[in-house]
Amino acid sequence: MTRLGFLLDSESCIGCHACTVACKAEHDVPLGVNRTWVKYIETGTFPDVERHFSVMRCNHCDDAPCISICPTNALFRAENGVVDFDDANCIGCKGCMNACPYDAIYINPATNTANKCNFCNHRIEQGLEPSCVVVCPTHAIKVVDLDDPADETTQIIARGETAVRAPEQKTLPKVHYRGADAASLDPLRTAIAGDGMIWADTTAHHPTAEPDSPDVVARTVYTTAHQMTWKAKVSSYLVTKAVAAGMMAVAALLVLLGHGGEQAAVGVVPPVVAGVFLAATGALLVGDLKRPERFYYLITRANPRSWLVKGAVVLGAFAALCAAWFVAGVGGSVGALQVLAAPAALLAAATAGYTALLFAQCEGRDLWQSPLVLPTLLAQAATAGGAGYAVLELAVDGPDPAVVQWVLLAGASATAVLIAAEVLGRGTVHVEAAVVAMTRGQYARRFWGGGVVLGLVVPIALASVGLAADWGSLPAALAGISAVAGMWFYEDSFVRAGQSVPLS
């Protein structure tokens, strides 16, 4: 058996970038993206300053989260242990980029597919070394067979003379560093120099550690920028499916409470609204793909381990149930609605909540790993369902408005408690950096003004006053509109902040 890996000897590296150039030439890598790159950091204070070099690339992990999340098996493990990819299978979902804890994957602007270092596997298969190994003038890059105890390089690793990046992620990386400064392998221990160092390059949305922080022990003077992957379309998808799930969950609740005979408000309109928002959810998901014309690969080339695939199955089952509910509602069959109520509630919860399991596969984004994500999504669905019914009651006679207002108030209140727990709780340094970006950084305005004030304070106040004063449907409808609008701002800040922590 063979398990190939790299030993990157930072003590020998001179920062010449020959490996980067050779990689670009070998694989025709476009400008602006890299499969391998060299990071420079500086430690010390003038005149006692040292510069350290570290080569960055895919770690070909033994437990590779990018393989698990890839919905179409475009990323796979070759027989020699290398994590390779197949452009022909990639739909450009970008899930692998969020799953990778090392910023090693990028979208190739020429093909709109995910690419990364593949160990020059086409050369390995011909008995040749990777191009970066061939050109390195100091032999700082070495191929190692981790299953060969006689290999001299393997023995260096076995003696504990090396380190790996982000070992806490437990991906079992197979790229080992010898002599690398610890700050070079941990981007949160460096700060981008703010004194005009023209070579420093970092992703604009990535926050950097405060220069006077006790955790900062070095300055980053050269690195490469990395792409933010999931943006407004993903934030919007979280809201549209919350509305779809919430409407059907509330409809199921009303049936179980004995309101199944209210044909329009319970049997007909909810599945129509849910269907519209499910269609919007599908359009957003397909529209966010870099290769949308390949969306059907989710079915024809499906990886059953990926929650992108499982989520598509959940959405499909939920759509089928909405159709069955609509037929029963049009036919006035209260008995059929009663039979469908429990499955509708379960599938609504699955539709609202499966994204928590998808986010859990995004191991590079610690903020998204929180156990509070699932209950927050469920609480948001309750809020969205109450909001949808509150607006609906302006046009259609429905159940007691107080029931709807209580659902909206309970959902918004639970969401507020869960978000507060998320923000005030402690987690990894990556979680805390993301929370800072969300609450005090560049996403603070949309979080506080949109997510908290518009999405929670205003709806809770309006719903509470409406219930206490019995003002009818209008305050509840306004509360619902405010809640759904604010939900988008919160989700957008959460999605972006989770990606704002530098990983390389």
Side-chain angles (χ1 to χ4, degrees), residues 1-31 33-40 52-62 64 66-67 74-87 100 102-106 108 111 114-159 161-165 171-180 184-185 224 504:
M1 183 177 177
T2 299
R3 280 190 314 128
L4 296 182
F6 282 113
L7 175 64
L8 304 179
D9 193 343
S10 295
E11 293 178 344
S12 300
C13 180
I14 59 174
C16 68
H17 297 282
C19 54
T20 304
V21 175
C23 180
K24 279 185 171 287
E26 182 74 31
H27 300 282
D28 196 22
V29 178
L31 293 174
V33 290
N34 296 281
R35 294 191 181 195
T36 187
W37 67 99
V38 184
K39 178 179 179 180
Y40 297 5
H52 308 267
F53 308 111
S54 298
V55 177
M56 300 288 169
R57 55 168 51 136
C58 169
N59 281 252
H60 299 280
C61 307
D62 271 339
C66 59
I67 294 179
L75 285 155
F76 63 94
R77 189 175 305 284
E79 292 182 358
N80 56 14
V82 168
V83 178
D84 209 338
F85 62 88
D86 183 355
D87 264 340
C100 176
Y102 308 105
D103 268 344
I105 305 174
Y106 63 92
N108 187 329
T111 62
N115 288 178
K116 65 176 194 64
C117 163
N118 73 336
F119 221 102
C120 285
N121 225 7
H122 63 292
R123 294 176 59 88
I124 295 292
E125 291 169 354
Q126 299 298 320
L128 302 173
E129 291 184 315
S131 59
C132 59
V133 175
V134 173
V135 302
C136 181
T138 59
H139 201 44
I141 305 175
K142 300 177 178 67
V143 173
V144 53
D145 181 356
L146 295 167
D147 283 334
D148 180 5
D151 186 319
E152 179 183 350
T153 310
T154 304
Q155 293 172 4
I156 294 174
I157 295 171
R159 289 196 297 267
E161 298 178 14
T162 63
V164 296
R165 292 167 59 194
T171 61
L172 306 177
K174 298 203 296 291
V175 172
H176 294 258
Y177 291 83
R178 185 184 190 187
S184 182
L185 305 185
T224 62
S504 65

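These values consider heavy atoms only, across backbone and side chains, with no hydrogens, waters or symmetry-generated copies. Index from 1, following the sequence.
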Q | I141 versus C19, closest heavy-atom pair with distance | A | CD1-CB, 3.7 Å
Q.
Check whether Q155 reaches the backbone of P149 with its side chain - one donor and one acceptor, N or O, closer than 3.5 Å.
A. yes
Q: Please name all residues satisfying ring-ring contact (aromatic ring centres under 6.0 Å, His included) with Y40, sequence neighbours left out, ordered by chain then number.
A: H17, F53, Y222
**Q.** Nearest heavy atoms of W37 and D103, plus distance in Å
**A.** CH2-O, 3.4 Å
Q | From T154 atom OG1 to L7 atom CG, the distance as rounded to the nearest 0.5 Å | A | 9.0 Å
Q: Using modelled atom types only, decide if a donor and an acceptor are shared between the side chain of K116 and the backbone of V83 within a distance under 3.5 Å.
A: yes
Q | Set of residues satisfying salt bridge (Lys or Arg N to Asp or Glu O under 4.0 Å) with respect to E11, sequence neighbours excluded | A | none
Q. Minimum heavy-atom separation for V164 to L185, with atom names?
A. O-CD1, 4.3 Å
Q: Under the side-chain contact (heavy atoms from CB on, under 4.5 Å) rule, what do C61 and L172 come out as? Steps first, then yes or no, please.
A: CA-CA 5 Å; C61 307; L172 306 177; 5.6 Å; no
Q.
Are P30 and N108 packed together at the side-chain level, in the sense that at least one heavy-atom pair is separated by less than 4.5 angstrom?
A. yes
(Q) Using only atom types and a distance under 3.5 Å, with no angle test, would you say the side chain of N118 pairs donor to acceptor with the backbone of C120? (A) yes
Q. For R123, what residues pass the salt bridge (Lys or Arg N to Asp or Glu O under 4.0 Å) criterion, not counting sequence neighbours?
A. E26
(Q) I want to check a possible cation-pi pair here: R57 against F6, using under 6.0 Å from ring centre and within 45° of the ring axis as the test. (A) yes
Q: Could you name each residue pair satisfying ring pair (Phe, Tyr, Trp, His ring centres under 6.0 Å) that touches residues 130-149, not counting sequence neighbours?
A: none
Q) Listed by chain and number, what are the salt bridge (Lys or Arg N to Asp or Glu O under 4.0 Å) partners of K174, not counting sequence neighbours? A) D62
Q: Indicate whether the side chain of S184 and that of S54 have a donor and an acceptor atom separated by less than 3.5 Å.
A: yes
Q: Kindly write out the residues that satisfy ring-ring contact (aromatic ring centres under 6.0 Å, His included) with H176, not counting sequence neighbours, or none if the list is empty.
A: none
Q. For A18 and V135, which heavy atoms make the closest approach, and how far apart are they?
A. O-CG2, 3.5 Å
Q) Without hydrogens or angle criteria, can the side chains of N115 and D87 be said to hold a donor-acceptor pair below 3.5 Å? A) yes
Q) Where the side chain of T2 meets the backbone of N80, is there a donor-acceptor pair that is under 3.5 Å apart? A) no
Q.
Quick check against the 3.5 Å criterion: does K24 have a side-chain atom that pairs as donor or acceptor with the backbone of V33?
A. yes
Q | Validation row: S12, R178 side chains within 4.5 angstrom (heavy atoms) | A | no
Q: Quick one: do H52 and K39 satisfy side-chain contact (heavy atoms from CB on, under 4.5 Å)? Show the steps, please.
A: CA-CA 8 Å; H52 308 267; K39 178 179 179 180; over 6 Å; no
